[in-house]
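Heads up: the structure comes next, in structure tokens.
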Amino acid sequence: AEENFEQALEQAITVYGQDHDLVASILLSLGELLQEINQIQQSLFCFDESIQVRTVLYGPDSPSVAQAEYSKGVALLFHGDYENASNCLNRALTIRQEKLGPMDSTVGDTLNTMGFLKLRQGNIAGDEALHPLTKALEIRRTTGNKSKVVSTLQNIASVYKKRKELDLCLAAHADILAVRQEEFGMNDGRVADAWINLGNIQMNAGRLEEATVSFEEALRIRTLNHGYNHISVAQVLFKIGSLNSRQNNYTDAKQLFEEYMRIRAEEEDDPDEEMAQALTIMGDIQKETGEKSKAQINWMSALEIYEQLGYPESHPKLVKLRARQKTVPGGLFG
């Protein structure tokens, strides 16, 4: 793709000269590609060249200049240069508001990115992040782009989560769920994902019964879409099993984790951190229900997975697992 853009750029300059809109457009697209593959300096060079050409053609306050400023701001944001990113985004916002109107979709895009920038900086107190995000949400609802509405709601939810305002975070995730259901219907995989995200926050807020309902809805949808013996179903069983374990419902939790491990055993994927966590919790349940030898086996299996994943010996997860082993006298490690 990079080679094709470069060839197109060379041909456009040969045919039209440097100061042509096609040249500026190719430079912008090439800059966005280079940003995606983390060639930041080359990317910024392309954006600056595009801005320069469009400024010559249309003046410094043109929306086409704002487009290049916006793309440059996004690249700087993901490169961690927040001050210069903010400057670019502010320039783009000013032009877009003045030339396109305060409710234009590109204004919403810019405000959303500015709110995300504040979130990345950790500036979550007060309205510093929420003000641009709330305004972006209003614009995006008005223009009717549901995917962009969800993106902004996710940013708003992240602000509330970092501020530990879980009720407001829950409200944002409930809104995401409603938007997803409206856009895709009740049984789409993206709706299942929204149920899971809502359930995660409910679990963090201690609303375990509500979280169970959310995870069960996700389980229903994923089973409908993929069949019961699918890894995406196992992932939900893990969450419901964890909830039951937290509530000391050991019989139900044990059955859920056994189903989780059965499904995972039929998959060809390698063991991962989730499997290690499942083995750890299963061992904890077995310890509580008197199956101490089985608990030791599962804890050892979890240790082996963490070691395969490259966790150092001093990692807290490994340290805690070894401490668990010592709490059970006799057995394999007594």
Salt bridge (charged side-chain N to carboxylate O under 4.0 Å, His left out) between R96 and D104, intermediate numbers included: CA-CA 8 Å; R96 285 172 164 176; D104 187 80; over 6 Å; no
Greater than 12 external heavy atoms within 6.0 Å of [X]'s [atom1]:
{"X": "E2", "atom1": "CD", "value": "yes"}
{"X": "N38", "atom1": "CG", "value": "no"}
{"X": "E6", "atom1": "CD", "value": "yes"}
{"X": "F184", "atom1": "CZ", "value": "yes"}
{"X": "H230", "atom1": "NE2", "value": "yes"}
{"X": "K148", "atom1": "NZ", "value": "yes"}
{"X": "H226", "atom1": "NE2", "value": "yes"}

Test log, rule side chain to side chain contact (heavy atoms under 4.5 Å, CB included), inputs N298 and T280: CA-CA 6 Å; N298 281 319; T280 302; over 6 Å; no
[Y]/[X] salt bridge by N-O under 4.0 Å criterion:
{"X": "K72", "Y": "E69", "answer": "no"}
{"X": "D61", "Y": "R91", "answer": "no"}
{"X": "K239", "Y": "E274", "answer": "no"}
{"X": "E273", "Y": "K317", "answer": "yes"}
{"X": "R140", "Y": "D109", "answer": "yes"}
{"X": "E266", "Y": "R262", "answer": "yes"}
{"X": "E288", "Y": "K254", "answer": "no"}
{"X": "E307", "Y": "R322", "answer": "yes"}
{"X": "R222", "Y": "D193", "answer": "yes"}
{"X": "D272", "Y": "R264", "answer": "yes"}

Do [X] and [Y] meet the criterion of a side-chain donor-acceptor pair at a distance under 3.5 Å?
{"X": "D252", "Y": "N249", "result": "no"}
{"X": "K99", "Y": "S62", "result": "no"}
{"X": "D21", "Y": "Y58", "result": "yes"}
{"X": "Y250", "Y": "S245", "result": "no"}
{"X": "N155", "Y": "N112", "result": "yes"}

Evaluation steps, side chain to side chain contact (heavy atoms under 4.5 Å, CB included), between Y160 and L166: CA-CA 7 Å; Y160 286 134; L166 294 184; over 6 Å; no
Closest contact, heavy atoms only, N244 versus A253: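 What the structure gives for the nearest pair is CB-CB, 3.7 Å.
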Heavy-atom closest contact (A211 atom, G199 atom, distance):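 Taking A211 first and G199 second, the nearest heavy atoms are CB-O, 3.5 Å.
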Flag, side chain of S86 to backbone of E83, donor-acceptor distance under 3.5 Å: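 A pair under 3.5 Å: no.
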Check: D81 main-chain N/O paired with H79 side-chain donor or acceptor under 3.5 Å: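 Here the side-chain-to-backbone pair does not exist.
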D175 vs R141, salt bridge (charged side-chain N to carboxylate O under 4.0 Å, His left out): CA-CA, chis, key distance, verdict: CA-CA 12 Å; D175 203 347; R141 286 195 196 277; 2.5 Å; yes
From [X] [atom1] over to [Y] [atom2], what is the distance, rounded to the nearest 0.5 angstrom?
{"X": "L243", "Y": "Q202", "atom1": "CG", "atom2": "CD", "result": "9.5 Å"}
{"X": "R180", "Y": "L198", "atom1": "CZ", "atom2": "CG", "result": "14.0 Å"}
{"X": "Q11", "Y": "Y16", "atom1": "CD", "atom2": "OH", "result": "10.5 Å"}
{"X": "N187", "Y": "T223", "atom1": "CG", "atom2": "OG1", "result": "11.5 Å"}
{"X": "F5", "Y": "S29", "atom1": "CZ", "atom2": "OG", "result": "4.5 Å"}
{"X": "Q255", "Y": "I240", "atom1": "CD", "atom2": "CD1", "result": "11.5 Å"}

Evaluation steps, side chain to side chain donor-acceptor pair (under 3.5 Å), between Q67 and R54: CA-CA 10 Å; Q67 182 186 15; R54 288 182 168 183; 3.0 Å; yes
Find out if a path of hydrophobic residues (ILVMFWY) with successive side-chain heavy-atom gaps under 4.5 Å connects [X] to [Y].
{"X": "I201", "Y": "L177", "answer": "yes"}
{"X": "L76", "Y": "V74", "answer": "no"}
{"X": "L208", "Y": "L219", "answer": "yes"}
{"X": "M300", "Y": "Y306", "answer": "yes"}
{"X": "L27", "Y": "F45", "answer": "no"}

Stepwise side chain to side chain contact (heavy atoms under 4.5 Å, CB included) check, V149 with N145: CA-CA 6 Å; V149 167; N145 190 316; 5.8 Å; no
Geometric class of the F257/Y260 ring pair [parallel <30°, tilted 30-60°, perpendicular >60°]: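 Y260 and F257: perpendicular rings.
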Worked verdict on M261 versus L279 for side chain to side chain contact (heavy atoms under 4.5 Å, CB included): CA-CA 9 Å; M261 291 173 189; L279 288 164; 3.6 Å; yes
